[in-house]
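Because the structure is a prediction, the values reported are computed rather than measured. Throughout, a chain's letter reflects where its sequence line sits, starting with A, and its residues are numbered from 1.
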There are 2 protein chains.
Amino acid sequence: MGRPDLGTSGPLAIIAGAGELPRIAAEHVLRSGRPVFVVLVEGEATGDYADFPHAVVRIGAAGRLKEILLENGCREVFMTGAFRRPRFSEIDWDMGTVRALSSIMRLRFGGDDKVVNGVVHIFESEGFRIVGPREVLPGLIAEAGVLGRVKPSRRARADIASGLTAVRGMGPLDIGQAVVVLSRRIIAVEAAEGTDAMIRRCADLRASGRVAFPPPSGVLVKAAKPAQELRLDMPVVGVDTVRSAIDAGLEGIALEAGAVLMPQRREALELADEAGLFIVGVGRNDGPAAQ
Amino acid sequence: MGRPDLGTSGPLAIIAGAGELPRIAAEHVLRSGRPVFVVLVEGEATGDYADFPHAVVRIGAAGRLKEILLENGCREVFMTGAFRRPRFSEIDWDMGTVRALSSIMRLRFGGDDKVVNGVVHIFESEGFRIVGPREVLPGLIAEAGVLGRVKPSRRARADIASGLTAVRGMGPLDIGQAVVVLSRRIIAVEAAEGTDAMIRRCADLRASGRVAFPPPSGVLVKAAKPAQELRLDMPVVGVDTVRSAIDAGLEGIALEAGAVLMPQRREALELADEAGLFIVGVGRNDGPAAQ
């Protein structure tokens with residue numbers, strides 16, 4: 001099957017997983033004047049999208065998804081929200097899926113990076129273009145510098161530097177790319193549990209006496225992995241993460257500039273300002289741009 | 001103050017922190033025919049050592065500790081059990097402590113490795129010799145090969161290899177050196193929370209659907225950091241860790257041969273055998289010796 005000729009514009013297809021992100025993205029794109037078409041992935045998408053043009057597909061139903069995109073004139077695809085890894089038993093074995101089978105087989109094992117890079121490959125081999133938050137939501141991505149009103153202390157700047165060293169060092173290992181640093185010691189590393197669970201763990205470490213510094217202290221450092229496909233899998237810091245950081249008594253949050261999405265950016269910064277928590281964007285290669 | 005002349009033998013001083021390890025070590029050493037003298041660190045040691053010759057010192061009371069060791073003819077020191085990092089407010093400012101102050105100041109910041117290397121330096125500069133589990137408890141250290149009756153599957157051997165790659169890669173970063181690997185993906189990384197808490201998190205990840213493979217699956221890989229001072233800070237795998245691994249539905253445990261202490265080795269292996277969990281020792285440089 002050749003590449004479909006889809007023209008140069010058309011609605012942006014938003015393939016929606018769990019959480020608030022697909023709705024935030026859909027509203028943001030609509031406000032910018034471009035139509036959207038939301039594809040709800042069954043069992044994944046959690047919001048109500050009745051007020052948007054939409055369709056529902058089962059996860060893994062690659063043939064049906066392609067039909068829907070073509071029928072609605074969508075050439076560009078923005079995949080957002082949280083997705084579990086599909087189990088084989090959940091895959092809908094239509095013809096498109098069978099065609100994608102060899103790719104899916106490759107995805108089944110290995111780290112997250114391999115999975116998301118494989119998804120990009122499948123879409124692009126079918127003539128669609130995957131677009132990412134940098135194109136769709138540029139105003140919601142952390143930039144370099146102090147983002148809120150609170151500036152990091154000298155101690156916090158040292159913690160940021162330690163955290164960046166750690167996430168850079170772990171980068172090639174395809175583990176999570178968030179850590180919490182307290183007085184230059186890495187006290188928590190994120191893997192499959194997610195950032196918020198990791199931050200809550202830091203509150204427990206403090207309560208149990210495993211870490212001894214009184215709050216506010218400690219910095220969440222979150223970056224992308226070097227090989228991370230930012231179009232499909234950009235790290236996210238939402239209001240919940242900011243609230244978790246405040247509850248855990250952290251001093252602030254450092255995000256890799258250009259590589260971390262803040263979907264509720266305004267609310268997140270207001271919450272941080274009120275609590276005296278800093279949020280800074282730091283360059284991966286430049287060290288902390290956090291003066 | 002010069003080095004005290006302590007002769008070439010005398011009781012082994014066991015400086016006891018929290019947990020079962022100091023008692024296990026004291027009994028083990030006594031059975032081997034050498035006398036012991038237990039120094040209970042106040043607020044840290046948790047067991048009852050009334051049946052051993054012993055004394056109590058406050059944490060940070062370096063001068064008093066030195067006196068006790070000299071009075072009891074102890075030249076060799078084995079420090080074991082869990083210690084919190086001392087807070088400044090807990091330090092007993094006797095003359096020995098004041099002398100050690102510059103060293104303590106250096107210890108106050110930085111990763112665990114710096115702290116323990118500093119403790120070695122303080123003891124050795126005072127003429128004592130720090131001995132480690134390799135000398136005191138050689139029979140309780142994981143060796144290469146299958147340690148129990150259960151052998152790792154082919155899938156588990158691939159997970160062990162992935163875990164070793166990760167812990168080697170993280171080594172220079174002075175983070176924890178235990179990970180859980182499931183189908184070649186690192187699903188949990190240990191930092192300050194400790195190995196057992198990390199394993200329990202894996203059970204939660206499974207319960208919440210964040211990892212999808214049915215139990216038994218997943219391997220705990222635990223190694224030492226390259227710079228780790230194994231005399232003072234050898235990684236430990238106890239019966240509790242084995243039980244946590246069984247409860248979390250893991251397939252097995254891989255330990256760095258020669259670098260991980262199993263204080264209740266016999267009980268741990270029996271428990272693993274009964275549950276069908278493998279425990280293997282693997283060479284840091286040789287890849288998994290786990291056939």
Of the listed A/Ala191, A/Cys202, A/Gly169, the one with the largest count of heavy-atom pairs under 4.5 Å with chain B is A/Ala191
With respect to chain B, which residue among A/Leu182, A/Val189, A/Asp204 yields the maximal number of heavy-atom pairs within a distance under 4.5 Å? A/Val189
So which heavy atom on B/Pro152 is nearest to which on B/Arg157, and how close?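 Between these two residues, the closest heavy atoms are O-NH1, 3.4 Å.
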Has B/Arg23 got its NZ or CZ under 6.0 Å from the middle of the six-membered ring of B/Tyr49, at an angle within 45 degrees of the ring axis? yes
Pairing donors with acceptors under 3.5 angstrom, does anything connect the side chains of B/Arg206 and B/Ser217? yes
When heavy-atom pairs shorter than 4.5 Å are enumerated against chain A, which of B/Glu190, B/Glu193, B/Met170 gives the highest number?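 Counting heavy-atom pairs under 4.5 Å, the top option is B/Glu193.
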Consider side chain to side chain contact (heavy atoms under 4.5 Å, CB included). Of B/Val181, B/Ile279, B/Val179, B/Thr195, which one does B/Leu220 pass it with? B/Thr195
What part of A/Ile187 gets closer than 4.5 Å to chain B, counting heavy atoms only: side chain, backbone, both or neither?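 Both backbone and side chain of A/Ile187 come within 4.5 Å of chain B.
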